[in-house]
Amino acid sequence: MGTKKNFVLDTNVILHDYNCLKNFQENDIYLPLVVLEELDKFKKGNEQINFNAREFVRELDVLTSDELFTDGVKLGEGLGRLFVVTSKVEATKVWDSFPIKKPDHLILAATEYLTAKYPKMKSILVTKDVNLRMKARSIGLLCEDYITDKVVNVDVFEKSNEIFENVDPALIDRIYSSKEGIDLGEFGFKDLVHPNECFVLKSDRNSVLARYNPFTHSICRVMKGKNYGIEPRNAEQSFAFEILNDPNIKLVALTGKAGTGKTLLALAAALGKLTDYKQILLARPVVALSNKDIGFLPGDAQEKVAPYMQPLFDNLNVIKRQFAANSTEVRRIEDMQKSEQLVIEALAFIRGRSLSEMYCIIDEAQNLTPNEIKTIITRAGEGTKMVFTGDIQQIDQPYLDSQSNGLVYMIDRMKDQNLFAHVNLLKGERSELSELASNLM
């Protein structure tokens, strides 16, 4: 056990993870009063951030007593105590440097006050706000990011699929001729592959696209099949279709930059599997609006978020354009939309819904927190497949980064599970211009 510390929490930590109080071991936690006031503003609404605020306040209500302001309240076995710091505390450095009395500065003031009150203990501000961390450091206060759910190694998102060279050509011939595939034990790389991982096998005279199937413990050939008019344009896209089409894989992650075809492939695969699911749900979080601005837009809730759903409709239109305007396939898609067998909507609207026998595609998942993704996955009922797509280099949430977003966290936690598969798409297929911009700008 290390030396005990004091941690001062910013509002954004609680909105990121409402269970955060359980993650500071035996250390004491201090909540500036202004944080409780800010949480109050977030309680109303349907976004995950509002849910987190409400859950935390409920949790706090259970702990509440007058001791919060004096001796603190014990948080549980192996945990420290929770205190509330009032806004009227001594903090000369803060008010000399930042005289405006706004929430950020009141949180800094609480940190300075505790630093002076407990000189032999470390008092550390925990915030996901980079600017606030800079301000804290500028006046000599200790601070850090909330890193409980940060993923250390994100190299997997920089590279394409594995290529195994110098494979026995006879083994590759057997993969081509065997429907069930070849037992993993016959290959020299058996300890290097994750369940459902896709890769290329090469010998001096032949090669094959392959996948390790954990359900049969074998290496199988990956076919280059079409899905609802969409044909894979490269090996990565063939791998994506392979895992999207397998009903045994219940959870899929597709990562890659703009233009690699993540959402299009997922939607085409879902449409190709119509008979296996009662409904296809395509959703994305509304981030660019920010929670405060959505209310100022005209129209009802659906109309407010419609512009942010447009990219999903664009993908649907790409699929429709593979067929004649009056074809059976196009009519089928339109009928599905009318009967709500195919639903495209904002992620906030699926809260509380039980997701059974559905093919769920969650787009822009890099803008979700680990807790949000967990909430969505735990809602999956029997017969449901969940696909999360996203680009970890394009994060619009101010308090998430390439190591702390929910998509990366999910991939890191799930990578050795048989029900899970991940394909990273590197090759842009939107256009030569799109690829150039993605790489150079």
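As the structure is a computational prediction, the values presented were derived from the model and not from experiment. Heads up: numbering here begins at 1 and tracks the sequence.
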Q. Does His16 have its ring centroid less than 6.0 Å away from the ring centroid of Tyr399?
A. no
Q: State, to 0.1 Å, how close Thr255 and Lys262 come at their nearest heavy-atom pair, and which atoms those are.
A: C-CD, 3.7 Å
Q. Would you call Arg58-Asp61 a salt bridge at under 4.0 Å N-O?
A. no
Q. Going by an N to O cut-off under 4.0 Å, is there a salt bridge joining Asp246 and Arg211?
A. yes
(Q) I'd like to know if the side chain of Asp17 and the backbone of Val13 have a donor-acceptor N/O pair within less than 3.5 Å. (A) no
Q: Would you kindly say whether Thr389 and Asp363 are connected by a side-chain donor-acceptor distance under 3.5 Å?
A: yes
Q.
For a quick check under 3.5 Å, do Asn12 and Tyr146 share a side-chain donor-acceptor pair by atom type?
A. no
**Q.** Test item: Lys320 and Ile333 side chains (from C-beta on) under 4.5 Å apart, heavy atoms
**A.** yes
Q.
One thing to verify: whether Lys128 and Asp10 come together as a salt bridge, which I'm taking to mean a side-chain N less than 4.0 angstrom from a carboxylate O.
A. no
Q: Determine, stepwise, if the pair Asn6 / Ile124 fulfils side-chain contact (heavy atoms from CB on, under 4.5 Å).
A: CA-CA 6 Å; Asn6 296 325; Ile124 304 163; over 6 Å; no
Q) Taking side chain as C-beta onward, heavy atoms only, is Asp145 less than 4.5 Å from Arg133? A) yes
(Q) Atom NZ of residue position Lys224 - does it have more than 12 heavy atoms of other residues, nucleotides or ligands inside 6.0 Å? (A) no
**Q.** Aromatic ring proximity Tyr359/Tyr277, centre distance under 6.0 Å
**A.** yes
Q. Can you tell me how far the CG atom of Leu184 sits from the CD1 atom of Ile219, to the nearest 0.5 Å?
A. 5.0 Å
Q. Taking all non-hydrogen atoms of both residues, which atom of Thr384 and which atom of Ala380 are closest, and how far apart?
A. CG2-CB, 4.1 Å
**Q.** Distance-only polar pair, side chains of Asn196 and Asn418, donor-acceptor under 3.5 Å
**A.** no
(Q) So that I can tick it off, tell me whether Lys4 and Asp28 are bridged by a salt bridge, with the cut-off set at under 4.0 angstrom between side-chain N and carboxylate O. (A) yes
(Q) Any carboxylate oxygen within less than 4.0 angstrom of a Lys/Arg side-chain nitrogen, looking at Arg284 and Glu364? (A) yes
Q | ring-ring contact (aromatic ring centres under 6.0 Å, His included) partner of Tyr30, the single match among Phe69, Phe83, Phe24 | A | Phe83
Q: Start with the C-alpha gap between Leu274 and Gln341, add the side-chain angles, then the distance that decides, and say whether side-chain contact (heavy atoms from CB on, under 4.5 Å) holds.
A: CA-CA 9 Å; Leu274 263 182; Gln341 206 185 340; 4.1 Å; yes
Q | Heavy-atom donor-acceptor pair, Arg54 side chain to Lys43 backbone, under 3.5 Å | A | yes
(Q) Using a strict threshold of under 4.0 Å (side-chain N to carboxylate O), is an ion pair present between Glu59 and Lys22? (A) yes
Q | Heavy-atom neighbours of Ile147 CD1 exceed 12 at 6.0 Å | A | no
Q) Would you call Glu236 and Lys427 a salt bridge, taking side-chain N to carboxylate O under 4.0 Å as the test? A) no
(Q) Determine whether a donor-acceptor pair (N or O, by modelled atom type, separation under 3.5 Å) exists between the side chain of Asn50 and the backbone of Lys44. (A) yes
Q. Within a reach of under 6.0 Å around NZ of Lys202, are more than 12 heavy atoms found that belong to other residues, nucleotides or ligands?
A. no
Q: Before giving the answer on side-chain contact (heavy atoms from CB on, under 4.5 Å), spell out for Leu60 and Leu36 the whole-Å C-alpha distance, their side-chain angles and the decisive distance to 0.1 Å.
A: CA-CA 10 Å; Leu60 208 57; Leu36 301 181; 3.4 Å; yes
Q) Would Phe199 and Tyr212 count as a close aromatic pair, with their ring centres under 6.0 Å? A) no
Q: Output, in order, the C-alpha distance, side-chain angles, deciding distance and verdict of salt bridge (Lys or Arg N to Asp or Glu O under 4.0 Å) for Lys135 and Asp104.
A: CA-CA 9 Å; Lys135 284 182 174 180; Asp104 279 4; 5.1 Å; no
